[in-house]
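For clarity, every value in this text was computed on a predicted model and none was experimentally measured. Numbered from 1 within each chain, the chains take letters A, B, ... in sequence-line order.
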Protein chains: 2
Amino acid sequence: MAGDTSGQTITAVERTALVMSAFAQADSQHLGVTEISNNLDISKAVVHRILNTLRSLDYIAVDPATRRYMLGPAALELGLAFLRHVDVRDIAKPMLEELSAKTQETATLSIRSGTHRLYIDQVTPSREVKMTVLLGRSFPLHAGGSSKAILAHLAPEDIEDYMSDVVLEPLTELTITDPDLLMKDLARIRRLGYASSVNERQPGAASVAAPVFDHSGWPVAAISLCGPAERFQDQADEAAALIVAAGRQLSERMGYRG
Amino acid sequence: MAGDTSGQTITAVERTALVMSAFAQADSQHLGVTEISNNLDISKAVVHRILNTLRSLDYIAVDPATRRYMLGPAALELGLAFLRHVDVRDIAKPMLEELSAKTQETATLSIRSGTHRLYIDQVTPSREVKMTVLLGRSFPLHAGGSSKAILAHLAPEDIEDYMSDVVLEPLTELTITDPDLLMKDLARIRRLGYASSVNERQPGAASVAAPVFDHSGWPVAAISLCGPAERFQDQADEAAALIVAAGRQLSERMGYRG
DNA sequence: ATTGACGTTCCACTAGGCGGAACGGGGCGG
DNA sequence: CCGCCCCGTTCCGCCTAGTGGAACGTCAAT
C-alpha cells in the first residue's frame, strides 16, 4: 500500500513529506533541526531550508525564543479539509460496484443516524432475481447485518443504553429480540469482524456486513453484501471475506488508523 | 506577516505546499493535474511528480477510476497533530458551551493563519433554526466578526500591509471593501473591545466576536457568537458583553497579561 | 572564559529536477 | 460505432537549482 515507488518522484518533496510526518508523529510539539536531521538522515542544511520554506506558507511555525519548530495553522487547514471532503458515499461507490460484480449480488452502504441506520447507496447485479433495498429507509440497530455491524462496535455504554432504551422490536419472525442473545451475537461479530444475518430484517433475505470507522474510531457506517437467502448462503464465506476487506479499506480512507 | 521570504528556501517544497493548499481551499474534493497546473502556473509534469510523490506517503490519494487526486489520510494526521498541541481549543471548549447555552446561539472559535483565519471549533444550540459554520474553511481577515476582531489588533504595520497587499474581496454584498471604511471600523472595534458583523461574510448571518491574545500580546484567535441575522440583532448587546468577557478570560488563560 | 551544541549560511559541484513534446487511453459527441 | 479531444503520464536533454560538508554566530551551561 503505502510507500509505493511507482512512477516519477521528487526527492525534495519526499523529504518534505517525511519532515511533516515527523511532526505529526512526534510526542512533543517542538522539534529542532538537528533532531530531525538525525532521525531522518537528511543534512541539517536541507532540513533547515525545508522548514524555512514551509514556515513562509504557515505549514510550520517557529518559536523565535527557542528557535524550535512546530506545526502551523495551515497543517490544521489540511486536516479539516480532509474531513470536509470525505464523503463515505463517493469513496464507497467504486467498492460497491466491485463487490457486486465479483459476487453477482447486491452491495449496500448504510450510515448510522442515532438509534437507527439507513441505506444511502446500493449497487445491484444484472440478473433477474436479485435484492433491492430502499434507499433512505431507516431501520433499528438490532436487526439485519449492517445494523448489527454498527451496533457491535459502539461504545459499551452506548450498547447498554440502546438495549435498555429501545424495545427490541421484531421486524420478522427471526429478528433477535432477546437482549442476552443479541449481546452474544454482537460479541461474535466483534470477534469475526463482520456480521451476518438471515431473515432477520427481511424475510427471504440474507447478508454479511462490515463496520466502517471514521477517523475517531467510531462506526459511522456499514457496508454489506446481500441477496436471496437460499442462494446467498452458499457463498456467504466468500462474501464475508470480501466485505471485511472492503470495510477495512473504506475505514482507512475515512481517516481511520487501525 | 505571512509570506516571509527571509532565509533560504526550496522552490520544489514551496510548490508542494501550494499544491497541498490548493486541495485545502478547493470546494470539491477532487482535483486534476491540469486544473492544478493552470491555477498555480506550474507545469503539468511537475504537478504530476509532486502528486505522485505525496501519494506514496499517503498525503494524497488517487481515485484509480477517474485518475483524479484528493487529500489522503496523512493530511488528517497532520491536522490532528496540530490540534493535539494547541491548547486554545481545549481551554475554549467549555466557554463555547456556556456561551451557546446562555444565548441559544452558535459559539465559534477561530485561529489566525497568515492573512486568513479558520474555524477550529463550534458549539451549536439545540433548536431548529441555527447557524453552523464549516470547520477548517478559511476566510480573509477583513470579512466577518471574528476576522475583524483579529485584524483590528494586529500591529499597525501589519494592518497596513494587509490593506495594501490583499485585495478586499467581497464575500457578500455587504462586505466592507473600502479601506478607509474598514480602518474606521477597526478603530471602533478596538475602542469597544469587540467586532460585530451583519451579512458581511455570509448572507443572513450576524455575529459578535472578541479577539484572543497569546502571552506575547498578539491576537492569535477569535471567539464569537453568531446566528440568523434578524433574530440575533435583538440580543446583540447582551451577546457582545458575554463575548468580551469570554475573550478576556480566554486570553488570560493563554498567558496574556492585560 | 571555555566548551559544546545548535541554528544558520556559504560555496562549488553536479545530481536532480525541469518542461516542452510526445504517448496512450478513456469519454463524449457525432 | 468511430474518431476526436482532452487528460494523465512519461520521455529526454539542458542546465538550473538543490546539495552537503564546512564554517560561522549565538546561546547556555560549565
Using the ring of B/Tyr69 (Phe, Tyr or Trp, six-membered ring only), decide whether B/Arg67 places NZ or CZ under 6.0 Å from its centre and within 45 degrees of its axis.
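Not flagged: B/Arg67 not positioned over aromatic ring of B/Tyr69.
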What is the distance, to the nearest angstrom, from the [atom1] atom on [X] to the [atom2] atom on [N]?
{"X": "A/Ile50", "N": "C/dT9", "atom1": "CD1", "atom2": "P", "result": "15 Å"}
{"X": "A/His48", "N": "D/dA22", "atom1": "NE2", "atom2": "C1'", "result": "16 Å"}
{"X": "A/Glu14", "N": "C/dG17", "atom1": "CD", "atom2": "C1'", "result": "14 Å"}
{"X": "B/Leu51", "N": "D/dT10", "atom1": "CG", "atom2": "C1'", "result": "15 Å"}
{"X": "A/Arg67", "N": "C/dG7", "atom1": "CZ", "atom2": "C1'", "result": "7 Å"}
{"X": "A/Arg49", "N": "C/dT8", "atom1": "CZ", "atom2": "C1'", "result": "10 Å"}
{"X": "B/His30", "N": "D/dC7", "atom1": "NE2", "atom2": "C1'", "result": "16 Å"}
{"X": "B/Ile42", "N": "C/dC18", "atom1": "CD1", "atom2": "C1'", "result": "12 Å"}

From [options], pick the nucleotide closest to the side chain of [X]?
{"X": "A/Val33", "options": "D/dG18, D/dG8, C/dT8", "value": "C/dT8"}
{"X": "A/Gln8", "options": "D/dC11, C/dG17, D/dG20", "value": "D/dC11"}
{"X": "B/Thr11", "options": "C/dC10, C/dG16, D/dG18", "value": "D/dG18"}

Kindly indicate whether the side chain of A/Met95, heavy atoms from C-beta on, has any atom under 4.5 Å from the side chain of A/Arg253.
yes
Are side-chain heavy atoms of B/Glu200 and B/Lys148 found at a separation under 4.5 Å?
yes
Ion pair A/Asp27/B/Arg84, N-O distance below 4.0 Å
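The answer is no: the pair does not qualify as a salt bridge.
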Could you tell me whether A/Lys102 and A/Glu238 make a salt bridge, using a distance below 4.0 angstrom between a side-chain N and a carboxylate O?
no
Let me spell it out: for each of A/Ile10 and A/Leu31, pick the nucleotide of DNA chain C with the closest heavy atom. Which residue's pick is nearer the 5' end?
A/Leu31
Is [X] near enough to [N] that one of its side-chain N or O atoms lies under 4.0 angstrom from OP1 or OP2?
{"X": "B/Thr34", "N": "D/dC6", "result": "no"}
{"X": "A/Tyr69", "N": "C/dT8", "result": "yes"}
{"X": "A/Ser43", "N": "D/dG21", "result": "no"}

C/dG17 base to B/Arg15 side chain: any donor-acceptor pair below 3.5 Å?
no
May I ask you to verify whether the side chain of A/Lys44 and the base of D/dG20 hold a donor-acceptor pair under 3.5 Å?
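Looking at the base of D/dG20, it does not pair with any donor or acceptor on the side chain of A/Lys44 (distance under 3.5 Å).
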What is the nucleic acid contact for A/Ala12, judged by heavy atoms within less than 4.0 Å: base, sugar-phosphate only, or nothing?
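It contacts sugar-phosphate atoms only.
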